[in-house]
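As structure tokens, the structure follows; a few thoughts come after it.
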Amino acid sequence: MRQNALTWHRSICSQSQVFAAEYALEFLTRYLDGTQTAGTIALAVARHFADELHNPLGLAYALHHGMDTRLERAAAPDADAEREVPV
């Protein structure tokens with residue numbers, strides 16, 4: 001694990017690349033929204049795969065560090081911020 005990493009999320013057993021890619025897409029789509037913590041998302045994604053897709057492989061992923069981390073959303077730029085101003 002790299003020093004200063006906010007989270008460390010990995011599978012506890014071997015996974016196919018196809019499943020790992022699907023899991024990562026689901027996790028990152030939710031994480032990049034910035035409204036939930038990594039721990040909440042890890043649980044929700046595992047439940048999504050188990051309950052909705054009938055695939056228990058999501059239960060093999062574990063969040064080892066950073067359960068309470070989340071992305072902070074940057075403030076939306078002002079509408080005039082990108083407009084060129086003649087000098």
Side-chain angles (χ1 to χ4, degrees):
M1 181 169 70
R2 290 180 53 193
Q3 189 174 11
N4 299 325
L6 294 177
T7 63
W8 186 31
H9 192 215
R10 70 178 186 107
S11 177
I12 58 175
C13 61
S14 296
Q15 297 283 355
S16 72
Q17 289 183 356
V18 173
F19 180 79
E22 290 297 321
Y23 183 94
L25 178 63
E26 187 69 29
F27 183 90
L28 290 173
T29 298
R30 294 175 188 223
Y31 190 69
L32 292 175
D33 181 39
T35 60
Q36 300 177 61
T37 64
T40 301
I41 296 168
L43 176 60
V45 171
R47 296 208 50 142
H48 166 75
F49 276 97
D51 296 344
E52 296 177 32
L53 303 176
H54 307 291
N55 188 335
L57 290 177
L59 300 172
Y61 279 87
L63 191 63
H64 296 277
H65 179 68
M67 292 288 261
D68 59 346
T69 59
R70 80 173 75 218
L71 289 180
E72 294 294 327
R73 302 293 293 190
D78 292 337
D80 295 331
E82 293 184 27
R83 187 173 57 126
E84 288 186 34
V85 178
V87 178

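Everything quoted here is computed from the prediction, not taken from an experiment. Residue indices begin at 1 and follow the sequence shown.
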In the single-linkage hydrophobic clustering (I, L, V, M, F, W, Y; side-chain heavy atoms under 4.5 Å), do [X] and [Y] co-cluster?
| X | Y | result |
| --- | --- | --- |
| L25 | L57 | no |
| L32 | I41 | yes |
| L43 | L59 | no |

Exercise for the section: Over all heavy atoms of both residues, which pair between A46 and G58 is shortest? Give the atoms and the distance, please. Expected result: CB-O, 3.7 Å
Fill in the blank from the handout: Smallest heavy-atom separation, Y31 atom then A38 atom, equals CE1-CB, 3.9 Å
Handout entry: Gap separating the CG atom of D33 from the CG atom of L28, nearest 0.5 angstrom
Key =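 With rounding to 0.5 Å, CG (D33) is 12.5 Å from CG (L28).
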Practice task
Kindly state each residue pair satisfying salt bridge (charged side-chain N to carboxylate O under 4.0 Å, His left out) with at least one member in residues 36-46, sequence neighbours excluded.
Solution key: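 Non-adjacent pairs meeting salt bridge (charged side-chain N to carboxylate O under 4.0 Å, His left out): zero.
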Problem - Within residues 35-44 or reaching into it, pairs that qualify as salt bridge (charged side-chain N to carboxylate O under 4.0 Å, His left out) - sequence neighbours excluded - result: none
Exercise for the section: Sort out for me which residue in H48, H54, R47 forms a side-chain hydrogen bond (donor to acceptor under 3.5 Å, both in side chains) with D51. Expected result: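 When side-chain hydrogen bond (donor to acceptor under 3.5 Å, both in side chains) is applied between D51 and each of H48, H54, R47, only R47 qualifies.
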Handout entry: E22: salt bridge (Lys or Arg N to Asp or Glu O under 4.0 Å) partners, not counting sequence neighbours
Key = none
Practice task
Fit a plane to each ring of F19 and F49, take the angle between them on a 0 to 90° scale, and name the class: parallel (under 30°), tilted (30 to 60°) or perpendicular (over 60°).
Solution key: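 Rings of F19 and F49: perpendicular, as their planes differ by over 60°.
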